[in-house]
Amino acid sequence: MSEPADRRYGPATLPRSRGPVSAAVLDAFRRPPHDLPAGLGADLDPVDAITDEDLQLTLFLCYELHYRGWCGVDEAWEWQPTLLALRAEAERPFEAALRRLVGAPRVPAAGVAAGLAEVVAADDGPPLAATLQRRADLSQFREFVTHRSVYHLREADPHSWALPRLGGPAKAALVEIQTDEYGNGRLDRMHAELFRSTLERLGLDTAYGAHLDAAPAVTLATNNLMSLFGLHRRWRGALLGHLAAFEMTSSLPNRRYGNGLRRLGLDEVATRFYDEHVEADAVHEQIAAHDMCGGLIRVEPALAPDVLFGAAAGLAVDRLFAGHLLDSWAAGRSSLRSPAPPTVPPTVSLTALPAVAPPAPPALV
């Protein structure tokens with residue numbers, strides 16, 4: 001596979017390794033498909049799978065084969081049996097860490113929609129959105145956008161894995177949500193394209209997967225969680241629960257992100273991605289909880305615990321992500337593994353933006 005003519009849409013360039021297992025996978029990907037060494041996954045026994053760089057990159061390398069693939073990597077690797085076995089070995093400690101993190105959510109008598117509301121109400125994550133709105137400087141906002149580019153440049157794709165696994169009301173509701181995410185078939189309104197404009201305005205590389213090397217394990221984990229749920233039919237309930245929690249906690253943070261960019265002097269092209277989500281996700285919240293998840297449980301009531309687990313896991317991993325950013329900034333260091341180099345577009349001058357005082361340490365309110 002040759003270098004793509006348009007880097008915006010993938011496939012991504014292979015990232016650098018982060019340990020012995022990801023190094024072995026990357027080395028294998030540079031050759032035709034073949035059996036991986038026996039026992040390779042034995043090294044994947046981290047203390048904390050969610051923040052282990054080698055494990056999370058290994059999972060991301062495997063999962064991306066099911067999305068847009070890797071530049072220069074034979075597409076036949078997608079279903080290579082020993083690679084799938086390695087992926088399963090990496091998924092086990094990841095799933096175990098998630099279960100330790102959130103436990104087994106209780107399904108209330110009032111039903112799954114009420115349970116989702118309880119999970120969301122109990123979420124007490126660090127005030128990342130408030131910090132970005134009120135105090136973050138331009139470099140910190142660019143870091144935040146760099147982290148999120150790993151997901152937003154393929155926004156909605158992980159949850160679309162649920163479509164062929166559903167029928168009836170849940171499928172109809174998911175189609176309604178995803179149609180909005182994909183801009184109702186208009187390229188310029190696709191959420192991934194709106195986010196690409198935000199990257200441009202902030203002077204960041206807009207290529208698909210351009211910032212993988214800068215993204216730490218916890219950022220990859222937020223993405224790998226969606227892929228874990230999406231690529232396993234047994235986790236279809238968790239995937240819908242994850243999406244529901246995502247939609248139910250989206251409007252206010254996105255309003256704050258947009259206001260934060262306006263405070264920093266960015267224009268409406270830069271804020272459009274966030275402004276779009278303020279309106280769209282307020283509608284999606286009800287569709288996701290009642291029509292999508294409620295519709296699923298009316299057909300498959302045994303999946304109710306999985307729905308709540310998916311919601312709780314998504315919120316919990318995002319709390320770890322937010323904590324990582326705020327802790328890094330409070331300590332005066334970058335939250336990225338390596339700074340992302342700017343590629344300032346001619347349509348905006350970052351040097352013309354107003355000076356911003358260094359942010360005060362974030363208050364946990």
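Positions are given from 1 along the sequence.
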**OP:** Would you kindly check if the NZ (Lys) or CZ (Arg) of R196 is within the cone defined by 45 degrees around the ring axis of Y208 and under 6.0 Å from the six-membered ring centre?
**Re:** no
Subject >> Audit row: H277, H284, ring-ring contact (aromatic ring centres under 6.0 Å, His included) steps and yes/no >> reply: CA-CA 10 Å; H277 282 76; H284 292 173; 8.4 Å; no
Original post:
Do we see a donor-acceptor contact under 3.5 Å between the side chains of R262 and T271?
Top reply: yes
Subject >> salt bridge (charged side-chain N to carboxylate O under 4.0 Å, His left out) evaluation trace for R31 with D74 >> reply: CA-CA 8 Å; R31 292 176 282 148; D74 192 321; over 6 Å; no
Subject >> Audit row: R272, E268, salt bridge (charged side-chain N to carboxylate O under 4.0 Å, His left out) steps and yes/no >> reply: CA-CA 6 Å; R272 187 182 175 196; E268 63 183 13; over 6 Å; no
Subject >> CZ/R165: more than 12 non-hydrogen atoms of other groups inside 6.0 Å >> reply: yes
Subject >> Side-chain donor-acceptor pair present, Q178, S160, cut-off under 3.5 Å >> reply: yes
Original post:
Checking R201 side chain against L266 main chain: does a donor-acceptor pair fall under 3.5 Å?
Top reply: no
Original post:
What distance separates L239 CG from W161 CH2, expressed to the nearest 0.5 Å?
Top reply: 11.0 Å
Original post:
Got a second to check how far L336's CG is from L325's CG, nearest 0.5 Å?
Top reply: 7.5 Å
**OP:** Mark yes or no: R154 above the aromatic ring of Y67, with NZ or CZ under 6.0 Å from the six-membered ring centre and no more than 45 degrees from the axis.
**Re:** yes
Subject >> Close side-chain approach of D123 and V120, heavy atoms under 4.5 Å >> reply: no
Subject >> Smallest separation among heavy atoms of L36 and A28, with atom names >> reply: CD2-CB, 3.6 Å
Original post:
Under 4.5 Å between any side-chain heavy atoms of P15 and W70, yes or no?
Top reply: yes
Subject >> Heavy-atom pair of closest approach, residues P105 and A312 >> reply: CG-CB, 4.2 Å
Subject >> Exercise: identify the closest heavy-atom pair between L166 and K171 >> reply: O-CD, 3.2 Å
Original post:
Regarding E143 and S334, is there a side-chain donor-to-acceptor distance under 3.5 Å anywhere?
Top reply: yes
**OP:** Verify, without hydrogens or angle tests, whether Q56 (side chain) and T51 (backbone) share a donor-acceptor contact under 3.5 angstrom.
**Re:** no
Original post:
Is there any salt bridge (charged side-chain N to carboxylate O under 4.0 Å, His left out) pair reaching into residues 222-243, and which pairs are they, with sequence neighbours excluded?
Top reply: E95-R234, R236-E300
Original post:
Between I297 and A304, which heavy-atom pair has the shortest distance, and what is it?
Top reply: CD1-N, 3.3 Å
Subject >> Minimum heavy-atom distance R298-D291, with the two atoms named >> reply: NH2-O, 4.4 Å
Original post:
Are H147 and S335 linked by a side-chain donor-acceptor pair shorter than 3.5 Å?
Top reply: yes
Original post:
Would one find more than 12 heavy atoms of other residues, nucleotides or ligands at under 6.0 Å from atom CZ of R189?
Top reply: no
**OP:** To the nearest 0.5 angstrom, please state how far the CD atom of E89 sits from the CG atom of L84.
**Re:** 12.0 Å
Subject >> Validation row: T222, Y151 side chains within 4.5 angstrom (heavy atoms) >> reply: no
Subject >> Non-hydrogen side-chain atoms of D52 and F94 separated by less than 4.5 Å >> reply: no
Original post:
Under 4.5 Å between side-chain heavy atoms, hopping through other hydrophobics if needed: is there a path connecting L296 to V299?
Top reply: no
Original post:
Which heavy atom of N254 sits nearest a heavy atom of S250, and at what distance?
Top reply: ND2-OG, 2.7 Å
Subject >> Sub-4.5 Å side-chain heavy-atom contact between L14 and L61 >> reply: yes
**OP:** Check the pair S149 / L204 against side chain to side chain contact (heavy atoms under 4.5 Å, CB included), numbers first and verdict last.
**Re:** CA-CA 10 Å; S149 70; L204 294 167; over 6 Å; no
Original post:
Are the charged groups of D213 and R16 less than 4.0 angstrom apart, N to O?
Top reply: yes
Original post:
For E193 and Y182, does a side-chain donor sit closer than 3.5 Å to a side-chain acceptor?
Top reply: no
Original post:
Same hydrophobic cluster for M248 and L252, using side-chain heavy-atom links shorter than 4.5 Å among ILVMFWY?
Top reply: no
Subject >> Stepwise ring-ring contact (aromatic ring centres under 6.0 Å, His included) check, W329 with H324 >> reply: CA-CA 9 Å; W329 296 342; H324 168 74; 9.2 Å; no
Original post:
Does some side-chain heavy atom of Q133 sit less than 4.5 Å from a side-chain heavy atom of R255?
Top reply: no
Subject >> Under 3.5 Å donor-acceptor, D27 side chain and R30 backbone >> reply: no
Original post:
Are Y257 and F144 close enough that their ring centres sit under 6.0 Å apart?
Top reply: yes
Subject >> ILVMFWY network linking V269 to L261, side-chain heavy atoms under 4.5 angstrom >> reply: no
Subject >> Reported CD1-to-SG distance for the pair I287 and C293, which is rounded to 0.5 angstrom >> reply: 12.0 Å
Original post:
Is the ring centre of H242 less than 6.0 Å from the ring centre of W235?
Top reply: no
**OP:** Kindly determine whether V21 and L40 satisfy side chain to side chain contact (heavy atoms under 4.5 Å, CB included), including the steps that lead there.
**Re:** CA-CA 7 Å; V21 182; L40 179 59; 4.3 Å; yes
Original post:
Is a salt bridge present between R148 and D318, judged by a nitrogen-to-oxygen distance below 4.0 Å?
Top reply: yes
**OP:** Please assess F195 against T206 for the test side chain to side chain contact (heavy atoms under 4.5 Å, CB included), listing each intermediate value before the final yes or no.
**Re:** CA-CA 9 Å; F195 187 78; T206 67; over 6 Å; no
Original post:
Are the side chains of L98 and I50 in touch, meaning some heavy atoms are under 4.5 Å apart?
Top reply: yes
Original post:
Distance-only, no hydrogens or angles: does the E155 side chain make a donor-acceptor pair with backbone N or O of H191 under 3.5 Å?
Top reply: no
Subject >> Exam field: side chain T131 to backbone A136, donor-acceptor pair closer than 3.5 Å >> reply: no
Original post:
Has R68 got its NZ or CZ under 6.0 Å from the middle of the six-membered ring of Y9, at an angle within 45 degrees of the ring axis?
Top reply: no
Original post:
Do T146 and L202 touch side chain to side chain, with heavy atoms closer than 4.5 Å?
Top reply: no
**OP:** Could you verify whether a donor N or O on one side chain and an acceptor N or O on the other, from T82 and Q80, lie under 3.5 Å apart?
**Re:** yes
Original post:
Just by distance, with hydrogens left out, do T179 and N184 show a side-chain donor and acceptor under 3.5 Å apart?
Top reply: no
Subject >> CA sep, side-chain torsions, deciding dist, call: F246, L315, side chain to side chain contact (heavy atoms under 4.5 Å, CB included) >> reply: CA-CA 8 Å; F246 195 90; L315 294 173; over 6 Å; no
Original post:
With distance as the sole test, does D205 use its side chain to make a donor-acceptor pair with the main-chain N or O of A210 at under 3.5 Å?
Top reply: no
**OP:** May I ask whether L243 and M190 are part of the same hydrophobic cluster, defined by side-chain heavy atoms of I, L, V, M, F, W, Y residues being less than 4.5 angstrom apart, directly or through others?
**Re:** no
Original post:
Using 30° and 60° as the class limits, which term best fits the ring planes of W77 and H34: parallel, tilted or perpendicular?
Top reply: perpendicular
**OP:** Just do the ring-ring contact (aromatic ring centres under 6.0 Å, His included) check on F273 and H152 with the steps written out, would you?
**Re:** CA-CA 10 Å; F273 172 81; H152 286 315; 4.7 Å; yes
